[in-house]
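See structure below.
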Amino acid sequence: MKIGLLGCGVVGSGVYEIISQNMSPMVEDFEVVKGLVKTPEEKILPYMTNDASEIFDNPEIDTIVEAMGGIHPAYEFITRALNAGKNVVTANKAVVAKHLNEFTTLAEVKGVKFMYEASVGGGVPWIKSLRQAMRIDEVTHIGGVFNGTTNLILSEMEEKGLSFDECLKTAQKMGYAEADPTADIDGIDVRNKLIISTSIAVKKQVQAEEIMTYGIRAIAPCDLKYFKSLNKHVRLYAEAVIEDGKYCCRIEPCLFDVDQPEAGIKLNYNICSLYGKTIGTLKYIGQGAGKLPTANAIVQDLLDIDGGNTALPKLCFGGDAQCGMSMLEGCYYVRYSADVADKLEAAFDGVEKTAVEVEGAKAFVTASIPTISLHDRIESAGVGVMDVFVTRI
Ligand code: NDP
Ligand code: HSE
């Protein structure tokens with residue numbers, strides 16, 4: 001297999017390392033012919049180029065690995081490769097979440113493979129497992145801690161009492177964070193991963209605006225202190241339920257009892273779970289971010305392409321499930337600054353709630369309410385993003 005690598009950063013360099021160092025006898029016949037970077041000529045290594053035509057105009061290259069990130073020019077490069085009859089493997093959840101249907105259909109028409117295992121759960125073999133589960137079951141629940149950066153932040157703040165910024169810096173240094181880490185901390189990266197997973201499960205391209213999303217930007221030590229007093233750990237949790245022709249998706253900080261598997265997920269680890277009628281619950285745990293685990297997932301896709309793995313069913317997009325925003329509910333911890341107390345408390349007028357003691361701030365816990373109602377109420381309060389922090393409890 002002759003590979004053109006688009007992007008030689010954290011992930012791309014991991015792919016190059018596994019292949020060029022022959023880390024497995026199974027990759028002996030693989031060769032990275034060229035790797036694309038943005039860096040000016042004088043700084044790049046011999047296998048690299050900053051001229052995309054050196055990859056696209058090389059007829060020897062049969063497979064493209066895209067590990068650049070972002071929508072443009074990743075979208076153009078992926079469609080160009082598929083149109084030219086080249087297989088594509090990508091780790092880029094942002095572009096896959098937006099164009100999964102289009103890429104899958106185009107690859108089918110062109111008789112090539114489009115694979116994206118690394119885009120969700122990094123090294124965790126989640127996409128294949130989800131698609132495999134769907135050979136027998138309809139998947140009715142998807143759940144998971146799908147982001148290594150926020151998981152490192154939450155678990156290190158909890159365990160070591162470190163600050164949010166210190167933990168984010170560590171995640172960046174380790175190569176876990178996105179180029180713009182707001183995608184991690186505001187839940188956008190998880191949203192892309194949930195879009196991909198749910199689109200597979202409902203056989204339809206799910207849209208970003210259908211996913212109720214909160215991130216962890218506003219978490220403070222007082223929140224963690226309160227959660228500790230409950231003997232619980234907080235994780236940024238993504239969830240989709242699919243029932244009676246409808247689906248509903250949410251991403252939010254969520255509390256887990258210390259003995260639940262999600263509570264034990266630390267650092268860059270992810271947990272990805274599904275429920276199907278005959279298989280019951282399946283949970284997969286592994287490194288969700290990082291150079292070699294993610295590169296491993298890409299090389300596994302390359303091996304499947306090379307070996308002609310056709311055991312998974314064709315991914316079709318004829319599903320007619322509708323988004324039902326009010327299917328999910330929960331009890332919520334809402335912590336807010338005294339400055340916005342009037343607005344926020346007014347927005348929750350009529351909701352049964354109990355005030356809780358939190359150091360230096362105001363907080364209450366609601367009775368079970370629809371998640372969409374929580375979002376509507378907080379939006380109607382018109383408070384700043386740092387003024388309020390919510391967690392499902
Ligand atoms: P990096 O920023 O480390 O690397 C990006 C690479 O792409 C760099 O080599 C960069 O060139 C190159 N590049 C970016 N834009 C262009 C462009 N327009 N033209 C040419 N080259 C370009 O990112 P990561 O390796 O961390 O991430 C890559 C993708 O993998 C992203 O989609 C990310 O979401 C995904 N991913 C990342 C994981 C991780 O743990 N890091 C895990 C799972 C998925 P240069 O070096 O010159 O800047
Ligand atoms: N930024 C992502 C994370 C990379 O932290 O999980 C892996 O998708």
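Start at 1 and go down the list; that is how both ligands and their atoms are numbered. The shown structure was predicted, so the numbers you read here are calculated from the model rather than taken from an experiment.
- Taking the six-membered ring where the residue is Trp, Y333 and Y226 present parallel rings, their angle staying beneath 30° rather than reaching 60°.
- Summary of contacts: the protein heavy atom closest to atom 9 (O) of ligand 1 is C8 N, 2.9 Å.
- Considering backbone and side-chain N/O of D189, none are found under 3.5 Å from N/O of ligand 1.
- Ion pairing of K2 with D62 is absent here, as no side-chain N (NZ or NE/NH1/NH2) approaches a carboxylate O to less than 4.0 Å.
- Taking only non-hydrogen atoms, the option from G12, G123, G9 nearest to atom 4 (O) of ligand 1 is G9.
- Within a 4.0 Å radius of atom 40 (O) of ligand 1, the protein contributes one or more non-hydrogen atoms.
- Using modelled atom types, no side-chain atom of R392 and backbone atom of T371 make a donor-acceptor pair closer than 3.5 Å.
- Taking CG of L282 as the reference point, atom NE2 of H141 lies at 13.0 Å (rounded to 0.5 Å).
- When distances from atom 2 (O) of ligand 1 to the protein are checked, no heavy atom turns up under 4.0 Å.
- Among the atoms of G70, none of the N or O lies under 3.5 angstrom from an N or O of ligand 1.
- Within the structure, the closest approach of A179 to ligand 1 does not fall below 4.0 Å when heavy atoms are considered.
- If you check which protein heavy atom lies closest to atom 48 (O) of ligand 1, you get K38 CE, 4.0 Å.
- At least one heavy atom of P73 sits less than 4.0 Å from an atom of ligand 1.
- If you check which protein heavy atom lies closest to atom 44 (C) of ligand 1, you get A91 O, 3.4 Å.
- Here the protein heavy atom with the shortest distance to atom 31 (C) of ligand 1 is G69 CA, 3.5 Å.
- Checking K113, R131, K128 one by one against D304, the salt bridge (charged side-chain N to carboxylate O under 4.0 Å, His left out) holds for a single residue, K128.
- With a 4.5 Å cut-off on side-chain heavy atoms, F114 and I305 do not count as touching.
- Within the 4.0 Å heavy-atom cutoff, G122 does not count among the residues contacting ligand 2.
- Atom 28 (C) of ligand 1 has as its closest protein heavy atom A67 O, 3.3 Å.
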